[in-house]
Amino acid sequence: MTIPAPSAGTNFIRTLIDQDLASGKHQAIITRFPPEPNGYLHIGHAKSLCLNFGLALHYGGCCHLRFDDTNPVKEEQEYIDAIKADVRWLGFDWGTHEYYASDYFEKLYGFAERLIEKGLAYVCDLSADQIREYRGTLTEPGRESPYRNRTVAENLDLLRRMRAGEFADGSRVLRARIDMTSPNLNLRDPVLYRILHATHHRTGDAWCLYPMYDFAHGQSDSIEGITHSICTLEFEAHRPLYDWLCDALAIYHPQQIEFARLNLTYTVMSKRRLLELVNEGRVAGWDDPRMPTLSGMRRRGYPAAAIRTFCDRIGVGKSDSVIDMSVLEDCVREELDRTAPRAMGVLRPLKVVITNYPAGEAEQLTVPNHPKEPAFGTRMLPFGSELYIERDDFMENPPGKYFRLAPGREVRLRYAYIIRCDEVIKDPASGEIKELRCSYDPATGGGETPDGRKVKGIIHWVAAANAVPAEIRLYDRLFSVANPTADKASDYRGTLNPESLEILGEALLEPTLAAAAPGSCFQFERLGYFCVDAGTAPGRPRFNRTVTLRDSWAKMVGAES
RNA sequence: AGGGGCGUCGCCAAGCGGUAAGGCACCGGAUUUUGAUUCCGGCAUUCCCAGGUUCGAUCCCUGGCGCCCCUGCCA
């Protein structure tokens with residue numbers, strides 16, 4: 001596994017840590033990545049991963065992987081396994097530092113009793129609806145619960161009986177005793193524990209009492225000695241509670257720091273919505289190549305290194321932002337240009353017969369696997385009298401500046417000869433072009449043009465004789481609008497792009513591609529980067545298009561229409 | 001409306017009182033057996049607005065305006 005290089009750029013969090021190190025507040029830093037195992041990781045998590053692990057790498061500190069598993073009704077082992085696989089794939093190593101909030105349940109419960117003993121928490125019998133009523137609103141203060149002044153002894157007794165399973169779900173909760181008039185609603189006696197008779201994926205039925213996020217997260221940070229607890233902006237209003245709890249319990253007090261979560265154009269980034277897309281069958285699963293999940297991107301062919309570069313490039317700040325998808329695609333192209341061997345494949349084949357090439361004969365061309373990197377070596381490419389070219393590379397009535405094949409025109413077959421189109425054969429009934437009759441110039445092999453004539457167009461091709469039939473999946477943006485959730489009046493699903501997946505069943509590839517291993521990535525010359533799908537069947541490969549090449553011709557044509 | 005944040009180029013983002021980095025996108029041009037890559041050049045007299053302090057302000061002060069988050073026994 002390649003070791004990710006720590007980011008070169010700086011940000012407000014690094015500035016803050018530099019100060020903490022300089023002032024002697026800390027000698028070393030410990031961060032953590034705290035996913036809840038209730039879904040798969042997405043590119044937004046990658047930002048957090050790169051930040052937290054990157055900081056540890058940069059400062060020679062340590063980053064813990066901690067599962068925030070305090071809600072048994074939503075969490076599953078499947079997600080834990082998937083999350084660990086994704087973190088590893090991204091290139092990060094948590095060593096022995098794999099933790100679970102559920103490992104701290106006993107300790108957390110002890111904290112609860114400590115709070116009660118200090119008169120800082122109480123058992124409340126109000127229903128969920130009543131608690132909401134008592135909480136007040138953004139502008140009006142809340143009212144104190146009638147159970148707020150129970151004695152320490154009574155609270156302790158009740159909490160113990162809650163733990164013992166004497167009460168039904170929802171009948172009682174443990175609350176912090178803070179201030180019902182606080183302008184920060186999180187401080188209006190927040191719920192710390194709720195009763196949940198549910199089987200936990202790790203602790204089984206040992207508990208029927210589960211801590212809320214606010215009473216688990218900061219405490220777990222404290223237990224692990226986290227120095228900088230980095231979370232997203234929406235937890236900003238929780239920070240006063242985070243601080244209050246650490247102080248009330250008189251435990252080690254980590255510093256919570258918030259940053260802006262990642263948003264990407266043409267996709268959604270909430271686990272709830274991604275789960276909906278999966279459950280409603282709008283995509284083929286969490287790892288559908290159109291999904292912004294790490295597993296989806298991996299299947300799509302995005303290299304982990306490209307995702308790390310992306311996270312570096314976008315920076316870390318506190319202002320809400322939406323990153324253009326082109327930034328990610330640029331990172332993917334940059335990485336793949338360096339690392340992907342070249343190959344030839346025809347997506348939508350058009351038959352070409354070379355009339356002056358001896359029928360039945362063939363030759364083997366030796367061609368490079370990378371235009372700039374000799375270390376990639378060479379491979380053999382068969383050439384014969386029957387070939388296939390891309391339908392797009394021929395036009396009967398080409399517009400100006402089109403320099404591919406057209407009747408009477410010449411074009412070079414990449415790494416082979418120059419051919420001229422002599423005849424167009426059509427289906428008499430439909431008028432569809434069935435085949436091209438061309439002649440080749442034997443003197444122009446290997447890139448030679450002895451007479452110095454100019455042939456601007458170079459196209460890719462595949463020899464018919466040994467062509468490998470393949471299925472190619474073309475992906476486009478999942479949504480057809482840049483910000484699917486911007487319009488709060490309508491459902492984001494209405495903006496799903498109906499053309500986000502196009503399946504091409506008749507593609508033809510050069511022979512070497514038949515044996516390509518699942519997951520391996522190639523550049524199909526002039527088309528884009530493609531990777532062998534994880535679910536590919538032997539004998540008939542299935543490729544996913546990772547990303548197209550930049551295409552200034554398409555841009556020019558698109559601009560005119 | 002109460003509280004907490006944020007506002008520098010189309011999208012991100014440096015900048016921390018001394019006269020606006022960088023990336024993506026976009027537009028030119030060179031090289032090229034991928035209309036790819038690479039390369040070279042262009043792209044904010046201006047930092048949400050208005051006042052003020054200062055020799056000097058994107059950076060400090062005051063007042064506006066705009067956007068985001070908070071009323072789960074989710075995280």
Side-chain angles (χ1 to χ4, degrees), chain A residues 9-11 15 34-36 38 68-71 73-75 124 126-129 131-133 135-142 169-175 182-188 190-196 210 212-214 216-217 231-240 258 260 265 271-272 312-331 333-334 337-338 342 344 367-368 371-372 401-404 412-416 418 444 446-449 455-460 482 523-528 548-556:
Chain A
T10 190
N11 56 54
T15 304
E36 182 191 10
N38 68 342
D68 232 334
D69 56 348
T70 57
N71 186 359
V73 310
K74 288 187 176 173
E75 298 153 6
C124 182
L126 253 25
S127 69
D129 284 344
I131 286 183
R132 191 173 311 122
E133 279 176 44
R135 185 154 34 224
T137 68
L138 293 179
T139 50
E140 301 154 16
D169 289 5
S171 61
R172 288 183 161 86
V173 293
L174 180 74
R175 292 227 250 168
S182 171
N184 182 341
L185 306 226
N186 294 117
L187 261 21
R188 318 243 263 229
V191 172
L192 266 23
Y193 264 102
R194 77 287 215 186
I195 300 172
L196 239 37
Y210 292 94
M212 297 287 290
Y213 166 84
D214 287 308
H217 198 95
C231 60
T232 45
L233 251 27
E234 68 271 26
F235 292 101
E236 217 150 16
H238 290 247
R239 182 162 19 102
E258 310 84 12
T265 55
K271 276 200 267 187
R272 191 202 95 218
D312 252 20
R313 218 173 260 190
I314 58 177
V316 177
K318 295 193 68 150
S319 52
D320 291 309
S321 59
V322 184
I323 309 289
D324 199 292
M325 188 65 99
S326 67
V327 180
L328 213 206
E329 290 181 340
D330 184 69
C331 295
R333 289 192 183 105
E334 181 181 298
D337 177 57
R338 282 178 40 230
R342 313 288 126 125
M344 292 212 275
V367 306
K372 288 182 292 197
K401 293 191 193 128
Y402 181 89
F403 45 78
R404 277 114 90 158
R412 173 174 289 286
L413 295 176
R414 170 139 248 229
Y415 295 132
I418 290 174
T444 58
E448 301 295 314
T449 318
V455 177
K456 190 106 194 254
I458 297 158
I459 64 174
H460 59 278
Q523 183 197 103
F524 289 1
E525 300 220 26
R526 301 210 308 130
L527 295 174
T548 61
L549 251 33
R550 277 201 193 82
D551 188 347
S552 58
W553 166 251
K555 195 185 286 181
M556 196 192 302

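Chain identifiers are assigned alphabetically (A, B, ...) following the order of the sequence lines, protein sequences preceding nucleic acid strands; residue numbering begins at 1 within each chain. Predicted, not measured: the structure shown is a model, and the values here were computed from it.
Across all strands shown, B/A75 has no partner, as no Watson-Crick or G-U wobble contact with both distances under 3.5 Å is found. Applying the Watson-Crick and G-U wobble criteria (two distances, each under 3.5 Å), B/G66 pairs with B/C6. The partner of B/U38 is B/A30, judged by Watson-Crick or G-U wobble contacts that both fall below 3.5 Å. Across all strands shown, B/C61 is found opposite B/G51 as a Watson-Crick or G-U wobble partner, with both distances under 3.5 Å. In this entry B/A21 has no Watson-Crick or G-U wobble partner, no candidate having both defining distances under 3.5 Å.
If you check every strand for non-hydrogen atoms under 4.0 Å, A/Phe403 touches a base. Counting non-hydrogen atoms under 4.0 angstrom, A/Pro141 reaches nothing in the nucleic acid. Across all strands, A/Val173 comes closer than 4.0 Å to base atoms (heavy-atom distances). Using a 4.0 Å heavy-atom distance criterion, A/Leu233 is classed as making no nucleic acid contact. Across all strands, A/Arg172 comes closer than 4.0 Å to no nucleic acid atom at all (heavy-atom distances). Across all strands shown, A/Val322 has heavy atoms under 4.0 Å from sugar-phosphate atoms exclusively, and none from any base. Residue A/Ser321 is classed as a sugar-phosphate contact, given heavy-atom separations below 4.0 Å to backbone atoms only. At a threshold of 4.0 angstrom between heavy atoms, the contacts of A/Arg313 are confined to the sugar-phosphate backbone, with no base atom among them. A/Ile418 comes within 4.0 angstrom of nothing in the nucleic acid, heavy atoms only. Using a 4.0 Å heavy-atom cutoff across all strands shown, A/Arg333 reaches no nucleic acid atom at all. Here A/Ile323 lies in heavy-atom contact (under 4.0 Å) with sugar-phosphate atoms only. No engagement by A/Val367 is indicated, since no non-hydrogen atom pair under 4.0 Å with the nucleic acid exists.
With salt bridges taken as basic N to acidic carboxylate O contacts below 4.0 Å, one links A/Arg550 and A/Asp330. For the pair A/Lys318 and A/Glu236, the salt-bridge criterion is met [side-chain N within less than 4.0 Å of a carboxylate O]. Under the 4.0 Å criterion applied to side-chain N and carboxylate O atoms, A/Asp337 and A/Lys372 are assigned as salt-bridge partners. A salt bridge links A/Arg313 with A/Glu334: the closest approach of a Lys/Arg side-chain nitrogen to an acidic carboxylate oxygen falls below 4.0 angstrom.
Checking the phosphate oxygens (OP1, OP2) of B/C11, no side-chain nitrogen or oxygen of A/Thr265 falls inside 4.0 Å. For A/Arg550 and B/A25, the shortest distance from a side-chain N or O to OP1 or OP2 is below 4.0 Å. Side-chain nitrogen and oxygen atoms of A/Lys555 include at least one within less than 4.0 Å of the OP1 or OP2 phosphate oxygen of B/C26. Checking the phosphate oxygens (OP1, OP2) of B/A75, a side-chain nitrogen or oxygen of A/Thr70 falls inside 4.0 Å. Of the side-chain N and O atoms in A/Arg194, none sit less than 4.0 angstrom from OP1 or OP2 of B/G72. One finds a side-chain N or O of A/Arg132 lying less than 4.0 angstrom from the OP1 or OP2 phosphate oxygen of B/G72. Proximity of A/Arg135 to the phosphate of B/G2: no side-chain N or O atom is located under 4.0 Å from OP1 or OP2.
For A/Gln523, whose side chain is taken as the heavy atoms from C-beta onward, the closest listed nucleotide among B/G2, B/U34, B/C24 is B/U34. Comparing B/A75, B/C6, B/C11 against the side chain of A/Asp324 picks out B/C11 as the nearest. Of the listed nucleotides (B/C6, B/C74, B/G35), B/C74 has the atom at the smallest distance from the side chain of A/Lys74. If you check B/U71, B/C24, B/C74 against the side chain of A/Met212, the one that comes closest is B/C74. When distances run from any side-chain atom of A/Glu36 to the nucleotides B/C73, B/C70, B/C74, the shortest one goes to B/C74. Of all nucleotides listed (B/G2, B/C24, B/C6), B/G2 comes nearest to the side chain of A/Leu185. The listed nucleotides are B/C69, B/U34, B/G7; the one nearest the side chain of A/Glu234 is B/C69. When distances run from any side-chain atom of A/Asn71 to the nucleotides B/C74, B/U71, B/G23, the shortest one goes to B/C74. Closest to the side chain of A/Arg526, out of B/C70, B/U34, B/A36, is B/U34. For A/Ser552, taking side-chain heavy atoms from C-beta onward, the closest of the listed nucleotides B/U34, B/C24, B/G35 is B/G35.
One C1' atom belongs to B/A44, the other to B/C9, and the distance between them is 5 Å to the nearest Å. Taking atom P on both nucleotides, B/G42 is separated from B/C49 by 27 Å, rounded to a whole Å. Between B/C61 and B/C24, the distance separating the two C1' atoms is 37 Å to the nearest Å. For the C1' atom pair drawn from B/C6 and B/U58, the interatomic distance equals 15 Å after rounding to whole Å. Nucleotides B/U71 and B/G66, compared at atom C1', are 24 Å apart to the nearest Å. Remark: the separation of the P atoms in B/G15 and B/G3 is 30 Å, to the nearest Å. To the nearest whole angstrom, the two C1' atoms, one in B/G7 and one in B/C48, are 6 Å apart. Distance check on atom C1': B/C69 versus B/A1 gives 16 Å, rounded to whole Å.
Residue-to-nucleotide contacts include a donor-acceptor pair under 3.5 Å from the side chain of A/His238 to the base of B/A75. For a distance-only test at 3.5 Å, the side chain of A/Arg188 fails to qualify as a donor-acceptor partner of the base of B/U71.
Rounding to whole angstrom units, CG of residue A/Asp337 and P of B/U32 are separated by 18 Å. Atom pair A/Glu329:CD and B/A25:P shows a separation of 9 Å (rounding to whole Å applied). As a whole-Å value, the separation of A/Tyr193 OH from B/A75 C1' is 16 Å. Remark: P of B/G15 and NZ of A/Lys318 are 15 Å apart, rounded to the nearest angstrom. Atom CG of A/Asn186 and atom C1' of B/G2 are 13 Å apart (whole Å). B/G35 atom P lies 17 Å from atom CZ of A/Phe524, rounded to whole Å.
Base orientation for B/G72: syn, the chi torsion being within 90° of 0.
A residue-by-residue look at A/Arg239 and A/Pro183 shows that A/Pro183 has its nearest nucleotide of RNA chain B further toward the 5' end. A residue-by-residue look at A/Glu236 and A/Ile131 shows that A/Glu236 has its nearest nucleotide of RNA chain B further toward the 5' end.
Using modelled atom types, one finds a donor on one side chain and an acceptor on the other under 3.5 Å when comparing A/Asp324 with A/Ser326.
Between A/Phe235 and A/His238, the ring-plane angle classifies as perpendicular under the 30° and 60° cut-offs.
Although no hydrogens or angles enter the test, the distance criterion places a donor-acceptor pair under 3.5 Å between the side chain of A/Glu75 and the main chain of A/Asn71.
Residue ring and base: A/Trp553 counts as stacked with B/G35 (centre distance below 5.5 Å, interplanar angle below 30°).
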